[in-house]
Chemist: 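Next up is a structure, given as structure tokens.
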Amino acid sequence: MTDIPDESEPTLYLIPTPIGNLEDITLRAMRILQSVDALACEDTRHTRKIYERHALTSPPIIFPCHAHNEDRAVGRILSLLRDGKSVGLTSDAGAPGVSDPGQRAAAAAIEAGYQVVSLPGASAVITALTVSGLPIPAFTFLGFLPRRPGRQRKLFLAFAEAPSALVFFESPFRVGKILAIAHEVLGDRPAAVCIELT
């Protein structure tokens with residue numbers, strides 16, 4: 001990783017994608033999406049919508065990198081980097097590696113000595129925090145919560161005394177049960193539920 005990446009060197013670009021509205025993408029992200037030699041996508045269909053919406057030229061190599069094939073996809077990313085190619089990595093929404101595939105690829109590329117560049121962009125976490133109206137001296141991001149209620153209680157208990165906002169992702173079908181458990185463990189405190197942020 002460098003302060004100013006050398007774009008002539010093989011590089012892994014972590015490219016955030018819009019969290020809803022397809023206009024929420026940076027000019028730099030659009031430039032990189034067109035200039036990489038290959039693109040790994042959590043869902044190629046989702047990323048193709050971005051190319052179509054903004055009339056971008058897609059790279060010659062596009063392949064999936066999701067929870068079920070991440071190890072194999074990381075191997076392919078490293079192979080492309082070894083061949084001197086630059087590779088982009090996108091998740092379905094937001095930044096790769098934040099509750100989406102990307103962390104393993106970044107760690108493997110760094111370990112192998114390649115440049116890794118993370119582009120700024122849309123973030124559901126920051127968007128939800130700013131629109132919540134909650135005081136935010138600090139926040140703790142918990143990602144997706146465990147599925148079992150006992151593990152959820154244990155996690156909330158670990159943060160019961162934390163003076164920060166707790167931010168987590170959850171399905172709209174389970175959010176009511178999660179909030180009941182949070183109230184049981186954390187007590188009566190302000191909360192916000194954010195959906196369809198953009």
Side-chain angles (χ1 to χ4, degrees), residues 1-5 7 9-22 24-51 59 61-82 85-130 138-147 155 159 164-171 194 197-198:
M1 293 186 297
T2 60
D3 290 333
I4 301 172
E7 292 189 4
E9 294 293 318
T11 303
L12 174 62
Y13 291 96
L14 305 175
I15 308 167
T17 58
I19 59 174
N21 188 321
L22 292 179
D24 294 334
I25 189 165
T26 68
L27 295 172
R28 183 176 177 208
M30 289 192 293
R31 180 178 60 81
I32 298 297
L33 282 170
Q34 292 189 110
S35 67
V36 291
D37 300 304
L39 185 67
C41 313
E42 183 178 10
D43 186 333
T44 57
R45 295 166 299 181
H46 178 81
T47 305
R48 284 188 197 282
K49 290 178 187 175
I50 296 168
Y51 279 94
I61 302 168
I62 299 178
F63 60 96
C65 176
H66 48 71
H68 304 293
N69 80 338
E70 194 169 6
D71 289 336
R72 188 171 61 252
V74 168
R76 188 167 184 190
I77 289 168
L78 290 175
S79 176
L80 288 160
L81 291 169
R82 272 192 301 275
K85 307 220 180 283
S86 288
V87 182
L89 176 60
T90 63
S91 61
D92 285 353
V98 179
S99 295
D100 282 323
Q103 181 275 326
R104 287 191 222 168
I110 290 167
E111 185 176 330
Y114 296 106
Q115 289 187 119
V116 175
V117 174
S118 180
L119 279 60
S123 166
V125 174
I126 300 302
T127 305
L129 279 168
T130 57
F139 71 92
T140 302
F141 177 58
L142 303 176
F144 284 100
L145 297 182
R147 295 295 291 266
L155 180 63
F159 292 97
S164 61
L166 301 178
V167 181
F168 56 87
F169 294 155
E170 189 50 78
S171 159
C194 302
L197 291 165
T198 64

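Numbers here simply count residues along the sequence, with the first being 1.
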Chemist: Are T17 and E42 packed together at the side-chain level, in the sense that at least one heavy-atom pair is separated by less than 4.5 angstrom?
Modeler: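 Heavy-atom side-chain distance check fails, nothing below 4.5 Å.
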
Chemist: Which heavy atom in L129 sits nearest to a heavy atom in A165, and how many Å separate them?
Modeler: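 Closest approach of L129 to A165, heavy atoms only: CD2-CB, 4.2 Å.
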
Chemist: Side chains of E9 and Y114, heavy atoms from C-beta outward: is any pair under 4.5 Å?
Modeler: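 Side chain of E9 against side chain of Y114, heavy atoms only: no contact under 4.5 Å found.
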
Chemist: Would you give the length of the straight line joining atom CG of L197 to atom CG of D24, rounded to the nearest 0.5 angstrom?
Modeler: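 Atom-to-atom, L197:CG and D24:CG are 10.5 Å apart.
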
Chemist: Can you list the residues that meet the side chain to side chain donor-acceptor pair (under 3.5 Å) rule with T47, with sequence neighbours excluded?
Modeler: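 Listed in chain order: T90.
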
Chemist: So how far is it from T44 OG1 to D92 CG, rounded to the nearest 0.5 Å?
Modeler: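 CG of D92 is found 9.5 Å from OG1 of T44.
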
Chemist: Roughly how far, to the nearest 0.5 Å, is the CD1 atom of I15 from the CE atom of M30?
Modeler: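 Nearest 0.5 Å value for the CE-CD1 distance: 12.0 Å.
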
Chemist: Does the side chain of D37 reach to within under 4.5 Å of the side chain of S86, using non-hydrogen atoms?
Modeler: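 In short, these two side chains touch, coming nearer than 4.5 Å.
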
Chemist: Under 3.5 Å, side chain of Q34 to main-chain N/O of Y51, donor-acceptor pair present?
Modeler: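 Checked: no pair found.
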
Chemist: L142 vs L155, test: side-chain contact (heavy atoms from CB on, under 4.5 Å). Steps then yes/no.
Modeler: CA-CA 9 Å; L142 303 176; L155 180 63; 4.2 Å; yes

Chemist: Pick from F159, F168, F169: which one makes a ring pair (Phe, Tyr, Trp, His ring centres under 6.0 Å) with F141?
Modeler: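 Exactly one pass, corresponding to F169.
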
Chemist: Let me confirm one number: the CZ-OH distance from R28 to Y13, rounded to the nearest 0.5 Å.
Modeler: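 Going from CZ on R28 over to OH on Y13, the span is 7.5 Å.
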
Chemist: How far does NE2 of H66 sit from CG of D43, to the nearest 0.5 angstrom?
Modeler: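 So the gap between those two atoms works out to 8.0 Å.
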
Chemist: For V87 and V36, run side-chain contact (heavy atoms from CB on, under 4.5 Å): C-alpha distance rounded to whole Å, both residues' side-chain angles, the deciding distance at 0.1 Å, then the answer.
Modeler: CA-CA 6 Å; V87 182; V36 291; over 6 Å; no

Chemist: What are the two closest non-hydrogen atoms of L14 and A106, and how far apart are they?
Modeler: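 In terms of heavy atoms, the two residues are closest at CD1-CB, 4.2 Å.
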
Chemist: How far apart are the closest heavy atoms of L81 and L12, and which atoms are they?
Modeler: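 Answer, listing the atom of L81 first, then L12: CD2-N, 4.0 Å.
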
Chemist: With rounding to the nearest 0.5 Å, note down the distance linking CD1 in I77 to CG in L89.
Modeler: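 Rounded to the nearest 0.5 Å, the CD1-CG separation comes out at 5.5 Å.
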
Chemist: Test: salt bridge (Lys or Arg N to Asp or Glu O under 4.0 Å). Region: residues 112-130. Which pairs qualify, not counting sequence neighbours?
Modeler: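 Not a single pair qualifies under salt bridge (Lys or Arg N to Asp or Glu O under 4.0 Å).
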
Chemist: Which heavy-atom pair separates S99 from G143 by the least distance, and what is that distance?
Modeler: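 So the minimum-distance heavy-atom pair works out to OG-CA, 3.5 Å.
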
Chemist: Counting only pairs under 3.5 Å, give me each side-chain donor-acceptor contact of residues 117-125, with atom names and distances, residues two or more places apart or in other chains.
Modeler:
| unit_1 | atom_1 | unit_2 | atom_2 | d |
| --- | --- | --- | --- | --- |
| S123 | OG | V125 | N | 3.4 |
| S123 | OG | I126 | N | 3.2 |

Chemist: Quick one: does any side-chain atom of N69 pair with a main-chain N or O of P64 as donor and acceptor, under 3.5 Å?
Modeler: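 Yes: the side chain of N69 pairs with the backbone of P64.
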
Chemist: Mind listing the closest non-hydrogen atom pair of P16 and A29 along with its distance?
Modeler: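 Here P16 and A29 meet closest at O-CB, 4.5 Å.
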
Chemist: Measure across K49 and L22 and return the closest heavy-atom pair with its distance rounded to 0.1 Å.
Modeler: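 Closest pair (atom of K49, atom of L22, distance): O-CD1, 4.1 Å.
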
